[in-house]
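To keep things clear, I will list the structure first and then write my remarks on it.
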Amino acid sequence: MPPETLIDKLSAAHSLTLDEYAALIDSRTPELARELAHRAVEVRQSIYGTDVYVRGLIEISNICKNDCLYCGIRRSNRSCHRYRLTPEQILDCAKEGYALGFRTFVLQGGEDGYYTDPLLCVLIEKIKSACPGCAVTLSLGERSRESYQRLFDAGADRYLLRHETADPVHYAALHPPEMSFENRMRCLRDLREIGYQVGCGFMVGSPGQTSAQLAQDLKFIETFHPDMCGIGPFVPHHETPFRDKPGGTVELTCFLLSVIRLIHPPVLLPATTALGTIHPTGREQGILAGANVVMPNLSPVAVRGDYELYDNKICTGEESAQCRGCLEGRMESIGYRVVTHRGDVKRI
Ligand code: SF4
C-alpha cells in the first residue's frame, strides 16, 4: 500500500497492521511528515484547540537501585552527584508552583527506597491540601500493586511509567537481567486497573532499535490506549555503556508524535525536554507535529544539573518562574496558548 494510502487508513481507522506501521516509518519523506503533522494537528485542535497543558516537574531524587543501560543516573555511574529532596522541600516546590498557577505536579525520581509508601502518602495528602484542586502525578518507577493502590488511595491521580519498548528482546538489550519486560507490563496493567490516569512511553532511536520494534510500540499504544504517552529521542550519556551510540532524531520523533496522535486522538502527548535538548526548537516542532503538553521544571535550581538522565540536558539554570515564562513565550511564538488548569485527558 502506498504511504499516502496508509495515512488515509490510519486517519480513518486509528489502526494499522504491524507491517503497515513499519512500512510507514520506512517510507517517510519530508512531504509525508508534513501531511501526517497536518492531520495530527487538525485532530488535536478539534479536541484541545490551541491549548498546551503544563505540568510542573519536580525531580525528587536521582538515587536509583536500577542500572538501565541508557540512563545517566543508573546506579553504576559513580561520578553522579546524588541528591534526594526531603518531603518539606518537595512540598515547597509544589507551593511555589501553585503560586505561579500550576495545577499539576509531576513527582519524578529514580527507584529510591527512601520514598516509602507511608512517606509518600503523607506527602501526597499535604500537597493536595496545600494546593487545592491540583492533580498529583507520580513517576517513580516499578512498585508493587499494593504500593500503587496505597498511593492512589492517598490521592495520587496519575502515574507515568514508560514501557521504553514493547519488544521483549529489545527490552532485554536496554536493561540489566534483573529487570523484566513482564514486570513492566504488570505495573502498567495494575495502574490502569487501580484507576490511575496512566502514561506509558518509549525512546526513539535507542541503540539497535528497528522499525519493526517501533511498530510494536505503536501497536501497544493502539491496544493499551494510555491517557498519556511520553516519547523522546534517545540521547546518550557519557557515563553509560551507550555513550558512543548515535542519538535519536527530532525528525523521527516528530513523525511518531503525529502517528500516535492519529492512533489515539485524545492522548496527552508531551513535547519533551529531550526533544528541546537535541534541537533549539525541538519542543515547538513537537507541538507542531501533534503534541500538546510541556513540562517546565520546578525542582530547586541547586539540584537540577544533577538530574542528568542524558548529556547536555537543558533548563537546568532557570528559576521556576523563568522556566514557565520561557515555555509560554515559545508556545505563543507558534500560535499556541499555555493553560494551567489540571489538564485532564478528554475522553471522547
Ligand atoms: S531509567 Fe529510571 S529506573 Fe532506570 S536507572 Fe534511570 S532512573 Fe533508574
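Note that the coordinates shown come from a computational prediction; the quantities given were computed from them, not determined experimentally. First listed ligand is number 1; within each ligand, the first listed atom is number 1.
Checked by atom type, the side-chain pair His170/Gln209 shows no donor-acceptor distance below 3.5 Å.
Between Lys219 and Glu222 a salt bridge is recorded (basic side-chain N to carboxylate O distance below 4.0 Å). By the 4.0 Å N-to-carboxylate-O rule, Lys65 lies close enough to Glu111 to be salt-bridged with it. A salt bridge does not link Asp306 to Arg84: none of the charged side-chain nitrogens sits closer than 4.0 Å to a carboxylate oxygen.
Excluding waters, the set of protein N/O/S atoms under 2.8 Å from atom 8 (Fe) of ligand 1 reads Cys64 SG.
Each of Phe224, Phe220, Tyr171 was evaluated against His163; a single residue qualifies, Phe220, per the ring pair (Phe, Tyr, Trp, His ring centres under 6.0 Å) test.
Checking atom 8 (Fe) of ligand 1 against the protein gives a heavy-atom contact under 4.0 Å.
Shown here for Val345 and Gln197, the closest heavy-atom pair between the two residues is N-OE1, 3.8 Å. The minimum heavy-atom distance between Thr277 and Tyr310, with the atom names listed, is OG1-CE1, 3.6 Å.
Atoms of ligand 1 lying under 4.0 Å from at least one heavy atom of Tyr70, given by number and element, are 1 (S).
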